[in-house]
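Keep in mind it's a predicted model, so treat the numbers as computed, not measured. As a basis for the values below, the full set of heavy atoms in this structure was taken, side chains included, without hydrogen atoms, waters or symmetry mates. In this chain, residues are counted from 1 in sequence order.
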Amino acid sequence: MNCLYCKLAVTNLKNNRQFYLPYILAGIVSAMMFYIMRAIQGSKAIAAMRGADTVYLILTMGLVIVALCTGIFLFYTNSFVMKRRKKELGVYNILGMEKKHIAKVLILESMLLTTAGLVAGIVFGIVLGKLFFLVLLKLLHLDSGLTFQFLTEALMQTGICFIVIGVFILFYNLFSVMKAKPVELLYAAHKGDNYHSFVWVKAFLGIICIGGAYTLIFTTPSPIDIIGRVFPIALLILFGTLFFFSSCSVVLLQALKKNDRYYYKPQNFISVSGLIYRLKQNAKGLSNICILSTVVMVIATTTLALYVGQKEMLSFRFPMETKISVSDIADGQPTLPQLVHQTAEQYDVTISREADYKVTYISGVYKDNTVSVYQPDIYPPDMTCGIYLITWEDYSRMEEGAEPLEADEVFAFSSSKDLGVSEISFGNLKYRVKTELSELVIQSKSALSSETHYFFICPTQKEIDNIITELSPAENKFSRTYSMMFDAEGKQETDFNAALQNQLYLGYAGAKFENAETKKQSDNYTYGGFLFIGLLLSLLFMVFLTLVIYYKQITEGYSDRYNFEVMQKVGLDRNEISAIVHKEIRTMFFFPLFMAVIHLAVSLYAVAMLL
């Protein structure tokens, strides 16, 4: 008897291979991705490298996303398959097979599908793991001599994860078959998504949800705030898109249906009615295509933009290779230039370019030619900016031949767009802008920076003190530091940087050491890891997207065959029918992609704020 069930399960899978082969493919790709990411995460080579914590955290996040998304979409695609197969199971029931026997067949089928997907996925993961590992090393700018290792823990965790997903899917299939009547099983394939009631209400909710999500994006005051809004924005777009395809589009087509001049033409009459039927039948599938397309494009563009934009972010933050600063220098201590040159001589390093200066920093707001201290209860976070005050004496050491300043004059420099003003006010103190500098040695200019830095060169320290007295910033909104930037060259530059950093932290108060190369390596681990996860997730979501489109098209194909025969019987010729069907298919294919492009365009505004 058990042998009969096995033969029946295998025969069922063969007869329904057009449904199950794509499903198995999705399982294989998902298992392969999960195994590769887990094997890389647990690799000794990754654990031993510098910045391992960052890469480990990113890979852990990727594993959780892969597991959750795989469970959701395998569950979803399984519902497509079962919808087509319920007629077959209903026939078994009518012919005398009890539901407990059908359950045994489903259990065996589930075991075969899960085993095939899991085993093939792990095999491909082991075979292609080294390729993906080399891609990660390339993105992290690491030695390609590191090797990809087979990891038993990765094998076990992949097996457990996908067996759990397979069990949940099996329970769903058993429950849906056991509770259904034979007649319901026979006609389940012709049953569409249940969105027929309250169409106008759902259309209104769809517009409100999508409009609300877009409003939250465009009214976000700062990059920090957009992070807190990600979850509500995602939920609004998710439900808004579902309501849009199930109701808003139907309402629009019904409006066309009421237009007699448009509707009562043979081609329009049939295509509009057909589209209304298709949208009601496939609202969930269309919304999923739209959302998946958006997710793929947003993940790919965001991670790639972050990775490519590293160089510009570094050049903005580091006009010179190294930046050091201290809050104060005690009597008898070497100045920063003295310390740097003494250490450079010890390590045979040449200092090629340098600038030292005392700077007063204020967390401020620049509005209407006036500088004021930033206050959270008055100004939104996106208005905050860095105000830096430097004396003319320090500036003249950076720029030879600098013009002198009168007591009521300043030089001005903006790290983003030019100020374009002739006068600047610090509270009630007014200064004439003698020259707006086009460049500054200690600060690069970038229109893409999320925060603007304003530098003002004042005649003397006394004028800076007057400005501080006038603005009266709180202690946490104001600081004075002695800083130095420089470029260094030499074979022992790494040892020189380590020694200098050690001397700074041990001997000076409020010491801070920043190096462009160190920051670049750290950014490579962060953004390279994100790009790697982005590539894997984009590939995975592309497989899911293709799967949803495939099942939607094959489901509609069976429906179109029946509709094709009906239209022929009522008198339409083959060319007219082909034109109508092609018009409907084009609309149903490009409609969700068009909506995805709109979602992407709005999402990129939020992404740009984070970059």
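- At a threshold of 4.5 Å between non-hydrogen side-chain atoms, the residues S30 and L540 count as touching.
- The heavy-atom pair separating L59 from I40 by the smallest distance is CD1-CG2, 3.7 Å.
- Closest approach of L106 and N173 over heavy atoms only: CD1-O, 4.3 Å.
- Atom NZ in K7 sits 13.5 Å away from atom CG in L108 (nearest 0.5 Å).
- Residue Y35 comes nearest to A154 through the heavy atom pair CE1-CB, 3.7 Å, listed as atom of the first residue, atom of the second, then distance.
- Taking the six-membered ring where the residue is Trp, the centroids of Y172 and F75 are separated by under 6.0 Å.
- Note that CG of L531 is 9.5 Å distant from CG of L536, once rounded to the nearest 0.5 Å.
- Annotation for L74 and A26: closest pair CD2-CB, 4.0 Å, computed over non-hydrogen atoms.
- Note that the CG atom of L13 and the OH atom of Y20 stand 6.0 Å from one another [nearest 0.5 Å].
- Within the model, atoms CG of L113 and CG of L170 stand 10.5 Å from one another, a figure rounded to the nearest 0.5 Å.
- Within the model, atoms NZ of K104 and SG of C6 stand 11.0 Å from one another, a figure rounded to the nearest 0.5 Å.
- The nearest pair of heavy atoms linking T158 to A31 is CG2-O, 3.8 Å.
- Between the CZ atom in F34 and the CG atom in L118 there is a gap of 10.5 Å [rounded to 0.5 Å].
- Closest approach of I163 to T114, counting heavy atoms only: CA-CG2, 4.4 Å.
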| Trace of the side-chain contact (heavy atoms from CB on, under 4.5 Å) decision for I122 with M32 | CA-CA 5 Å; I122 291 174; M32 180 187 76; over 6 Å; no

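- Between the side chain of N15 and the main chain of T11, a donor-acceptor pair closer than 3.5 Å is present.
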| What do the steps show when you test L134 against K138 for side-chain contact (heavy atoms from CB on, under 4.5 Å), and what is the final call? | CA-CA 6 Å; L134 289 174; K138 183 70 175 177; over 6 Å; no

| field | Candidate pair F162 and T70, rule side-chain contact (heavy atoms from CB on, under 4.5 Å), full reasoning | value | CA-CA 9 Å; F162 283 84; T70 298; 3.5 Å; yes

Output a table of donor-acceptor pairs, distance under 3.5 Å, between side-chain atoms of residues 60-68 and any protein atom two or more places apart or on a different chain; print 'none' if there are none.
unit_1	atom_1	unit_2	atom_2	d
T60	OG1	Q41	NE2	2.5
T60	OG1	Y56	O	2.8

